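This report concerns only the one structure given below.
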Amino acid sequence: MCGRYRLTTKGKNLEQLFDAEFDDQPARLEGRELSVKPRFNVAPTDVMPVVRIQEDGRHHISGLRWGLVPFWSKDLSGGARMINARAETVFEKAAFKDSLRRRRCLVLADGFYEWKTLPSTTQKPKKQPVLFAFDDDRPFAMAGLWARWKGPPGLVESFTILTTGANELVGPVHDRMPLILDAADRAAWLDPDNEDVDLQRLAEPRPIAGFTLRLVSSKVGNVKNDDESVLVPDAPDEKS
DNA sequence: CCAGACGTTGTT
DNA sequence: GTCTGG
DNA sequence: CCAGACGTTGTT
DNA sequence: GTCTGG
């Protein structure tokens, strides 16, 4: 699955690479705002950049809250629960139906984390966090859905990340991974008038050229640790 | 028909 | 164990 | 996803 | 809004 990711690429580069412009007025949702700093540990409920087609027909990058809050939600409390949607079944789910039809988006990232559960003789199983990213750390687009919810306390736009079966690289660590879209598939995914999105094809697990795996620090488990130190792997023989 | 939920993951 | 918050 | 809390009453 | 369960 994808419950934590990284976005350290500068805004200007994102605009260039995804042919989209940031909104003039950054969103402020629930007291949080779109951060301009490099993010090494993005967590659910964070406000992050997402590419959408806006009313003017152009691609825009806006700050949305991670964790889908459908427009019919009574409050924001469920907002941290719908952080992912399974590509295989998203068509069948009432909670996603509306967003899937006309509100698809791209979630920008330059890495995602997965935790490998290691066998343990003692009590709790150990978790080894792993970063998956391109070897040159260039950003990529994950398939997402978004929704608009009206408060009180105000307007909240939010998103969820589609997941699919792990490919050959991710499989040994975890059985799920985010659905990453090739550049060639992005425009069709974003187009709300495109009613022929072949999700089955897009979700087919396949290798991604240049993608690699790196062991990282267990510090990444705590959302408070949001700096480059989370990339430093734990010492090999640390206590047992 | 109405009422009530609407999600994913992992672990046992 | 299970729910909430980030 | 992981980490951290998980409760009520009354008093300051 | 839309689906499921009763």
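Proteins come first, then strands; the chains are lettered A, B, ... in the order of their sequence lines, and each starts at number 1. Predicted model, so just to flag it, every value in this text is computed and none were measured.
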TODO: Mind calculating the distance between NZ (A:K219) and C1' (D:dA3) to the nearest angstrom?
DONE: 15 Å

- [ ] Would you classify A:F96 as touching base, sugar-phosphate or nothing, given that sugar-phosphate means primed atoms plus P, OP1 and OP2, and contacts are heavy atoms under 4.0 Å?
- [x] sugar-phosphate

- [ ] Quote, to the nearest angstrom, the P distance that separates B:dA5 from D:dA5.
- [x] 29 Å

Open item on the list: Base, sugar-phosphate or nothing for A:I83? Non-hydrogen atoms, less than 4.0 Å.
Closed with: base

Open item on the list: Does a side-chain N or O of A:N225 approach OP1 or OP2 of D:dC2 to a distance below 4.0 Å, or not?
Closed with: no

Open item on the list: Students often get this wrong, so: under 4.0 angstrom with heavy atoms, is A:T160 touching a base, only sugar-phosphate, or nothing?
Closed with: nothing

Task: Pairing of A:D226 and A:K37 as salt bridge, 4.0 angstrom limit - done: no

Task: Touch class at under 4.0 angstrom, heavy-atom based, for A:T117 against every strand present - done: sugar-phosphate

Open item on the list: Does either side chain, that of A:T212 or that of A:D135, offer a donor lying less than 3.5 Å from an acceptor on the other one?
Closed with: no

- [ ] For A:Y5 and D:dC2, give me the distance from atom OH to atom P, rounded to whole Å.
- [x] 17 Å

Open item on the list: Just to be sure I understand the rule, does A:R81 reach a base, reach only the sugar-phosphate, or reach nothing, if contact means heavy atoms closer than 4.0 Å?
Closed with: base

- [ ] Using a strict cut-off of less than 4.0 Å between a Lys/Arg side-chain nitrogen and an Asp/Glu carboxylate oxygen, indicate whether A:K12 and A:E15 qualify as a salt bridge.
- [x] yes

- [ ] May I ask you to decide whether A:K126 forms a salt bridge with A:D234, counting only side-chain N to carboxylate O separations under 4.0 Å?
- [x] no

TODO: Write down the distance separating the P atoms in D:dC1 and B:dT12, rounded off to the nearest Å.
DONE: 14 Å

Open item on the list: According to ring-ring contact (aromatic ring centres under 6.0 Å, His included), does anything in residues 45-65 of chain A pair up with another residue at least two apart or in another chain? List the pairs.
Closed with: none

Open item on the list: Without decimals, in angstroms, what is the distance between A:F71 CZ and B:dC6 P?
Closed with: 17 Å

TODO: Measure from CH2 on A:W72 to P on B:dA5 and round the result to the nearest Å.
DONE: 11 Å

- [ ] Classify the ring geometry between A:F134 and A:F140 as parallel (under 30°), tilted (30 to 60°) or perpendicular (over 60°).
- [x] perpendicular

TODO: Please check if atom CD in A:Q54 has more than 12 non-hydrogen atoms from other residues, nucleotides or ligands closer than 6.0 Å.
DONE: yes

Open item on the list: In this structure, how many angstroms lie between the C1' atom of D:dA3 and the CG atom of A:D226, rounded?
Closed with: 15 Å

Atom pairs, protein N/O to nucleotides 2-6 of chain E N/O, distance under 3.5 Å:
residue, atom, partner, partner atom, Å
E:dC3, OP1, A:K97, NZ, 2.4

- [ ] Would you kindly give the CH2-to-P distance between A:W115 and B:dT11, to the nearest whole Å?
- [x] 13 Å

Task: Dot-bracket line, read 5' to 3' along DNA chain E, where crossing pairs take [ ] and | marks a partner on another strand, Watson-Crick or G-U under 3.5 Å - done: ||||||

Task: Minimum heavy-atom distance between A:A95 and A:P70, given as atom pair plus value - done: O-CG, 4.1 Å

TODO: With C1' as the reference atom in both, quote the distance from C:dG5 to B:dG4 in angstrom, rounded to an integer.
DONE: 26 Å

Open item on the list: Taking the P atom in each of C:dT2 and D:dT11, what is the distance between them to the nearest angstrom?
Closed with: 37 Å

Task: Side-chain N or O of A:T163 closer than 4.0 Å to phosphate OP1/OP2 of B:dT9 - done: yes

Open item on the list: What verdict does the side chain to side chain contact (heavy atoms under 4.5 Å, CB included) test give for A:V230 and A:Y113, after you've listed the backbone C-alpha separation in whole Å, the side-chain angles of each residue and the deciding distance to 0.1 Å?
Closed with: CA-CA 11 Å; A:V230 302; A:Y113 299 99; 3.8 Å; yes

Task: Gap between atoms CG and P, on A:N41 and D:dC1 respectively (whole Å) - done: 14 Å

Open item on the list: When you measure from the side-chain N and O atoms of A:K127 to the phosphate of B:dT9, is any distance below 4.0 Å, counting only OP1 and OP2?
Closed with: no

TODO: For C:dC3 versus D:dT9, give the span between their P atoms, rounded off to a whole number of Å.
DONE: 23 Å

Open item on the list: Just the rounded figure in Å: distance from C1' of B:dT8 to CD of A:E88.
Closed with: 11 Å

Task: Side-chain (A:T164) to main-chain (A:R176) donor-acceptor, under 3.5 angstrom - done: no

- [ ] Nearest 0.5 Å please: distance from the CG atom of A:D110 over to the OH atom of A:Y5.
- [x] 10.0 Å

Open item on the list: On DNA chain B, compare the nucleotides closest to A:R176 and A:A95; which residue's is nearer the 5' end?
Closed with: A:A95

Open item on the list: At 4.0 Å (heavy atoms only), tell me whether A:D175 reaches a base, stays on the sugar-phosphate, or touches nothing.
Closed with: sugar-phosphate

- [ ] Check whether any side-chain nitrogen or oxygen of A:T89 sits under 4.0 Å from OP1 or OP2 of B:dT8, and answer yes or no.
- [x] yes

